[in-house]
Number of protein chains: 2
Amino acid sequence: MSNTRFATALHILTLLADAKGEWLSSDWIAGSINIHPVIVRKELGVLNDAGLVLSRKGKEGGFTLAVGSEDITMDAIYLAIKNSNVLGKKNNQPNPKCPIGKDINEKLDVLFTGIDNSVVRELSGKTLADFVSEFH
Amino acid sequence: MSNTRFATALHILTLLADAKGEWLSSDWIAGSINIHPVIVRKELGVLNDAGLVLSRKGKEGGFTLAVGSEDITMDAIYLAIKNSNVLGKKNNQPNPKCPIGKDINEKLDVLFTGIDNSVVRELSGKTLADFVSEFH
DNA sequence: TTAAGTGTAATAATTTTTGTTACATTAATG
DNA sequence: CATTAATGTAACAAAAATTATTACACTTAA
């Protein structure tokens, strides 16, 4: 992954966990990460769809965690934002006339999925609460 | 990773393993993957630096494996081409005045490195020979 | 000496990612 | 009930990363 989506999502969730029930605005969060508030709202939309946060519109609106930080594991965050395989992309049109090229993408699929799953398994062993507790 | 470097490198190495000592040209390899020969030569340069292949210049030149495919583990291929963390990039300038923003990047570093290592560990359990044997 | 390769720099094109603007909508509050 | 401060989201712009292409110096076999 050469994007900042996991780092951004985890930063957001860490702030929300640290806020202990306070509703934080996208502007405030953006100020901590130092990115554009619209990006924060977009990512919060994704986290909302994943059931990790709640949002409230209008004045005094904002965001808060949907569940306790002990109940949010890192794999849930990762799966919410994941948009590619750990080992990257496959080449588009390997040569169908080549015995290797013909079948390589299905073999890569198996390998890529296995590695993706191992990352998810690894991430499932750590909670947001664990991460937040490292800040003191 | 949103690039095709691992897929390309593994495709190259699979062809070389399958060729059993024949020297293959970058043009021929490019034809199987269906990408530009210059990209193949660049990637082969990287694999050469990593000690995985041998190259020969001039007429009748080309590439071959430097060691047997049973002795090439997937982690060696991955480490040769890896240029980012599995969990992506960190945000550049988190706010130093925020208690979370101040320290988040060093905490992310630890998490990111741990996940990277787990992927390498996972990949170390599979050889190029294992992969090639899936094609029949 | 020619033909067929590698090695690599420079640059262009494409795709992905991030940032920005604009504005409709929502809700609290004086 | 008007004002203020939020979210939600589309459309677009800018920047960064990735891939493709061109060009050519160099190498080696025959």
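Throughout, a chain's letter reflects where its sequence line sits, starting with A, and its residues are numbered from 1. Being a predicted model, the structure only gives us computed values, none of them experimental.
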Quiz item: Checking side-chain hydrogen bond (donor to acceptor under 3.5 Å, both in side chains) for the pair B:Asp27/B:Ser25: CA distance, chi angles, key distance, verdict?
Solution: CA-CA 5 Å; B:Asp27 258 66; B:Ser25 74; 5.5 Å; no
Quiz item: Yes or no on side-chain contact (heavy atoms from CB on, under 4.5 Å) for B:Val110 and A:Glu134, after CA distance, side-chain angles and deciding distance?
Solution: CA-CA 11 Å; B:Val110 175; A:Glu134 294 174 18; 5.7 Å; no
Exercise. I would like to know whether A:Ser124 and A:Thr73 meet side-chain hydrogen bond (donor to acceptor under 3.5 Å, both in side chains); could you show each step before the answer?
Key: CA-CA 5 Å; A:Ser124 69; A:Thr73 48; over 6 Å; no
Exercise. Starting from the C-alpha separation in whole Å, work towards a yes-or-no answer on side-chain contact (heavy atoms from CB on, under 4.5 Å) for A:Thr14 and A:Leu128.
Key: CA-CA 7 Å; A:Thr14 300; A:Leu128 177 59; 4.0 Å; yes
Quiz prompt | side-chain contact (heavy atoms from CB on, under 4.5 Å) between B:Leu79 and B:Val120, intermediate numbers included | solution = CA-CA 8 Å; B:Leu79 289 172; B:Val120 169; 3.8 Å; yes
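Summarising the geometry, the separation between CH2 on B:Trp23 and C1' on C:dA4 is reported as 15 Å, rounded to the nearest angstrom. What separates CG of A:Asp27 from C1' of C:dT20 is a distance of 13 Å, to the nearest Å. One interatomic measurement links the two molecules: CD1 of A:Ile35 to C1' of C:dT17, which rounds to 12 Å at whole-angstrom precision. Atom CG of A:Leu47 and atom C1' of D:dT7 are 15 Å apart (whole Å). If you measure from atom CG of A:Asn3 to atom P of C:dT15, you get 18 Å, rounded to the nearest angstrom. Between A:Lys42 atom NZ and C:dT21 atom C1' there is a gap of 11 Å when expressed in whole angstrom units. Taking atom CZ of residue B:Arg5 and atom P of nucleotide D:dA17, one finds them 14 Å apart after rounding to whole Å. Atom CH2 in B:Trp28 sits about 18 Å away from atom C1' in C:dT6, given to the nearest Å.
When distances run from any side-chain atom of A:Arg41 to the nucleotides D:dG8, D:dT19, C:dG19, the shortest one goes to D:dG8. Out of D:dG8, D:dT19, C:dT20, the shortest distance to the side chain of A:Phe63 is found at D:dG8.
Residue contacts shown for B:Leu44 are absent, as no nucleic acid heavy atom lies under 4.0 Å away. Residue B:Gly62 is classed as a sugar-phosphate contact, given heavy-atom separations below 4.0 Å to backbone atoms only.
Here B:Ser2 reaches the OP1 or OP2 of C:dT17: one of its side-chain N or O atoms lies under 4.0 Å away. B:Asn91 has no side-chain polar atom (N or O) that falls below the 4.0 Å cut-off from OP1 or OP2 of C:dT18. For B:Thr4 and D:dT19, the shortest distance from a side-chain N or O to OP1 or OP2 is below 4.0 Å. In terms of phosphate contacts, A:Asn83 brings a side-chain nitrogen or oxygen within less than 4.0 Å of OP1 or OP2 of C:dT17. At the phosphate of C:dG5, neither OP1 nor OP2 sits under 4.0 Å from any side-chain N or O atom of B:Ser25.
If B:Lys89 and B:Ser26 are placed on DNA chain C by their nearest nucleotide, the residue sitting closer to the 5' end is B:Ser26.
Between A:Phe6 and A:Tyr78, the ring planes are perpendicular. Angles over 60° get that label, and only those under 30° would be called parallel.
Both tests pass for A:Lys107 against the ring of B:Phe135: distance under 6.0 Å to the centre and angle within 45° of the axis.
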Practice problem: Mark up nucleotides 25-30 of chain C, 5' to 3', with B wherever a protein heavy atom is under 4.0 angstrom from a base atom, S wherever such an atom reaches only the sugar-phosphate, and - elsewhere. | Solution: -BBB--
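Counting only residues at least two apart or on different chains, the salt bridge (charged side-chain N to carboxylate O under 4.0 Å, His left out) pairs with a member in residues 38-59 of chain B are B:Arg5-B:Glu43.
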